[in-house]
Amino acid sequence: MSITQQHLLDTYRARQLGTPAPPAPGTHVPAGRPARERLRHVLRRWPLRRARPVR
């Protein structure tokens with residue numbers, strides 16, 4: 001299940017129960033760290049994958 005699908009399901013459940021809807025994905029930023037720095041940290045650890053040539 002993708003993040004978007006989970007968010008839609010959570011929003012639907014919140015409406016059914018009469019509770020506030022959850023925040024949209026990507027709107028939360030960890031306290032004290034700008035989102036830009038977090039993205040750099042994640043991208044540094046991301047393995048570089050190169051497309052394999054088609055034979």
(Q) If I take atom OG1 from residue Thr19 and atom CZ from residue Arg13, how far apart are they, to the nearest 0.5 angstrom? (A) 11.0 Å
Q | Pairing residues for Leu8 by the side-chain contact (heavy atoms from CB on, under 4.5 Å) criterion, not counting sequence neighbours | A | Thr4
Q. Which residues pass the side-chain contact (heavy atoms from CB on, under 4.5 Å) test with Pro22, sequence neighbours left out?
A. His7, Asp10, Thr11, Ala14
Q) How about Ile3: does its CD1 atom have over 12 heavy atoms from other parts shown lying under 6.0 Å from it? A) no
